[in-house]
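Remember, it's 1-based here, ligands and their atoms both numbered in the order they're listed. All values below were derived from every heavy atom in this structure, side-chain atoms included, with hydrogens, water molecules and symmetry-related copies excluded. Note that the numbering runs from 1 along the sequence shown for the chain.
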Amino acid sequence: MTALLEIRDLKTYFPINSGILKRNVGFIKAVDGVSFSLEAGETLGIVGESGCGKSTTGRSILRLIEPTSGSVKYKGVEITTLSRTEMRKLRKSMQIVFQDPYASLNPRLTIGYILEEALSTHGIGSNTKERNDMVKDLLQKVGLNSRLVDRYPHEFSGGQRQRIGIARAIAVNPSVIVADESVSALDVSIQAQILNLFADLQDELGLTYVFIAHDLSVVKHISDKIGVMYLGRMVEYATNEQLFNNPAHPYTQALMSAVPVPNPTIKKERIILSGDVPNPSNPPSGCAFHTRCHACMDVCKTVRPNEIELAPGHIVSCHLYDPAYST
Ligand code: SF4
Ligand code: MG
């Protein structure tokens, strides 16, 4: 069976230019060899601190940012080499929901107009009347009253605006949605409502999600698979169960220790990450996490860890699991 989405060794580097001549002096390796695959209807959660490359990964998959190298296959078709025109046709199938929908909603247009425009741009619906009916349908699908079509973006709350952002994404019948920190700016109770909406729409429409968040507790209930990113690399990739039952990478363990446990009588030891994420233009040698790792060994400072398969589908990049270095 072909995966709906298959990403292999994706790299997105940004040149660093310096001086008045803007000479290239190196690269920020924002995404540095990320691989994963998703079947239709599955969700991959991508987590990591800001600057780890998760948003760039999401945007590179959709070619909103051009990847430097690697392969992105959608239904078996390599999309990194498609022409602009071919890519425009495909855009309908792969949509994005941003963190702040307000920034992407024109304040001078009613939400009815904004959604109708999304439909007409992609040639959906034969006339305005038909599209206006579709817009009302869309609003209901995302849990908003269809009488609100004539309101402007500022008349909605943050959660409602995110519903509008989701309505705009599903308007064109996509199969893949990249949700880039789509609930991060919302209060916890509103977060839960929007996560439920994402889950309901997935069931109803068979959507496949790449769900980006900086917090494991956000992706926990929605993800089938989870990738943990650090400085451009996926340091651990596993199914939801594997990751939560057996977090292997010290970075994952630290993120995990910050997730609240439902039963407060269970004492969890909090692993505090020391320091900030290092500058991505000058990442540490060896294992890029070694400057903050509580389990760091000598070898970690010089040798970059290999990907080790702990169990089928559970991959970790850490010397602790490499028979060559662990004792
Ligand atoms: Fe820590 Fe070493 Fe594993 Fe990196 S390779 S995560 S520094 S133990
Ligand atoms: Mg981001």
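For atom 1 (Fe) of ligand 1, the count of nearby protein N/O/S atoms, taking only those under 2.8 Å, is 1.
For Asp298, the CG atom is loosely surrounded, since the number of other residues' heavy atoms within 6.0 Å does not exceed 12. Other residues, nucleotides and ligands place more than 12 heavy atoms under 6.0 Å from the CG atom of Asn24. In Gln253, the CD atom is crowded: over 12 heavy atoms of neighbouring residues, nucleotides or ligands sit closer than 6.0 Å.
The aromatic rings of Phe211 and Tyr209 sit perpendicular to each other, their planes meeting at more than 60°, with 30° as the lower class boundary.
Partners of Tyr230 according to the ring pair (Phe, Tyr, Trp, His ring centres under 6.0 Å) rule, which considers only residues two or more places apart in sequence or in another chain, are Tyr251, Phe289.
The nearest pair of heavy atoms linking His294 to Pro250 is CE1-CB, 3.8 Å.
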